[in-house]
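It should be emphasised that the depicted structure is a prediction, and the values quoted were computed from it without experimental measurement. Positions are given from 1 along the sequence. Both counts, for ligands and for their atoms, begin at 1 and track the order of listing.
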Amino acid sequence: MIVKCAWMYHDIMDLYGDKGNIMTLTKRAKERGIEFQVTTVGIGQQADLSDFDLVFMGGGADKEQAVLIPDLLSRKENIQKALDENTFFLLICGGYQLFGQYYETADHEKIEGLKFADYYTATGKAKSRCIGNIIIDARLDDQTLRLVGFENHGGQTQNVAHPLGKVVHGYGNSFDAGYEGYYDGHILGTYLHGPLLPKNGQLADFILTKAIQKRNPDFTFDKLASIDQPWEEIARKALLDRWKLQDKPEIS
Ligand code: GLN
């Protein structure tokens, strides 16, 4: 079995270890005998995103977001095709912001988004950023997961119709949102760097499953053999222990 992943703007959208997400997916696929093939897609590089099972984009500073946006907008039709053909999109922070209506930078420059969702991201109060460790309880199709990570964003994302989860510790979509990220079955956008997947093995397997399902619609989560993840568990427990939290979501 093979999973084809496009890693968009790998050279400029990679904050706080976002590339660890790609490393985690590669490792977890390999341990199940699945080939995880990664193709980087930079500015100006030709690629048909609908050929891929998974598209990943990390976070970046305002400057990088402004630099890449003409290229990203030029791919809008192709991204729509990919979504229609069940390619799964995993977007972190700056990548997540650019799939909404717009992103307003710290200097109040408005960057037009792809508009695949109704949410928009406005500038927060001057010099204020949502920074720190974050823990959320996420709902993903028929399962709930407690996710841990790290966030660092100035943008305040509003009008999120389907948040990924409820904030247990930290900020999330904005200083007072109480909710974090976006999930609609095809696009998962989140402010969690940290990086996200090494500390959240179940989420990594959920995303692997979504990607596999593009070519194998009957594939289910339980068909992935369980794997030992002692270091991942230690990393996650260290964070949960800090706030005396259980490794169990409190939403049903
Ligand atoms: N530049 C964006 C912001 O500050 C995204 C930052 C990020 O990806 N961490 O909100």
Salt bridge [X]-[Y], side-chain N to carboxylate O under 4.0 Å:
X	Y	answer
K4	D53	no
K27	E31	yes
D205	K210	no
K81	E77	no

Show the atoms of ligand 1 that are less than 4.0 angstrom away from any heavy atom in [X].
X	value
G59	8 (O)
G154	3 (C), 4 (O), 10 (O)
Q65	1 (N), 2 (C), 5 (C)
N152	6 (C), 7 (C), 9 (N)
G155	3 (C), 10 (O)
G94	5 (C), 7 (C), 8 (O)

With a cutoff of 4.0 Å, is [X] in contact with ligand 1, counting heavy atoms of the residue only?
X	result
H193	yes
R129	yes
M13	no

[X] contact mode with ligand 1 (heavy-atom cut-off under 4.0 Å):
X	answer
A61	backbone
D62	both
Y103	side chain

What class does the angle between the rings of [X] and [Y] fall in, given that below 30° is parallel, 30 to 60° is tilted and above 60° is perpendicular?
X	Y	value
Y120	Y102	parallel
F88	F206	perpendicular
Y191	Y96	perpendicular

Is it true that atom CG of D84 has more than 12 heavy atoms of other residues, nucleotides or ligands lying nearer than 6.0 Å?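 It does: D84 CG has more than 12 such atoms within range.
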Could you identify the single nearest non-hydrogen protein atom to atom 7 (C) of ligand 1 and state the distance to 0.1 Å?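 Going atom by atom, the protein heavy atom closest to atom 7 (C) of ligand 1 ends up being C93 SG, 2.8 Å.
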Starting from atom 5 (C) of ligand 1, which protein heavy atom do you reach first, and at what distance in Å?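 That would be G60 O, 3.3 Å.
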Should Y16 be counted as touching ligand 1, given the test is an N or O pair under 3.5 Å?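 Y16 vs ligand 1: no N/O contact under 3.5 Å.
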L15, any N or O under 3.5 Å of ligand 1 N or O: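 Not met; the criterion fails.
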For a side-chain hydrogen bond (donor to acceptor under 3.5 Å, both in side chains) with E180, tell me which candidate from N173, T190, T157 qualifies.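 Single side-chain hydrogen bond (donor to acceptor under 3.5 Å, both in side chains) partner of E180 among N173, T190, T157: T190.
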Regarding K76 and the six-membered ring of F116, is the cationic atom NZ or CZ under 6.0 Å from the ring centre and inside 45° of its axis?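 So K76 does make the cation-pi contact.
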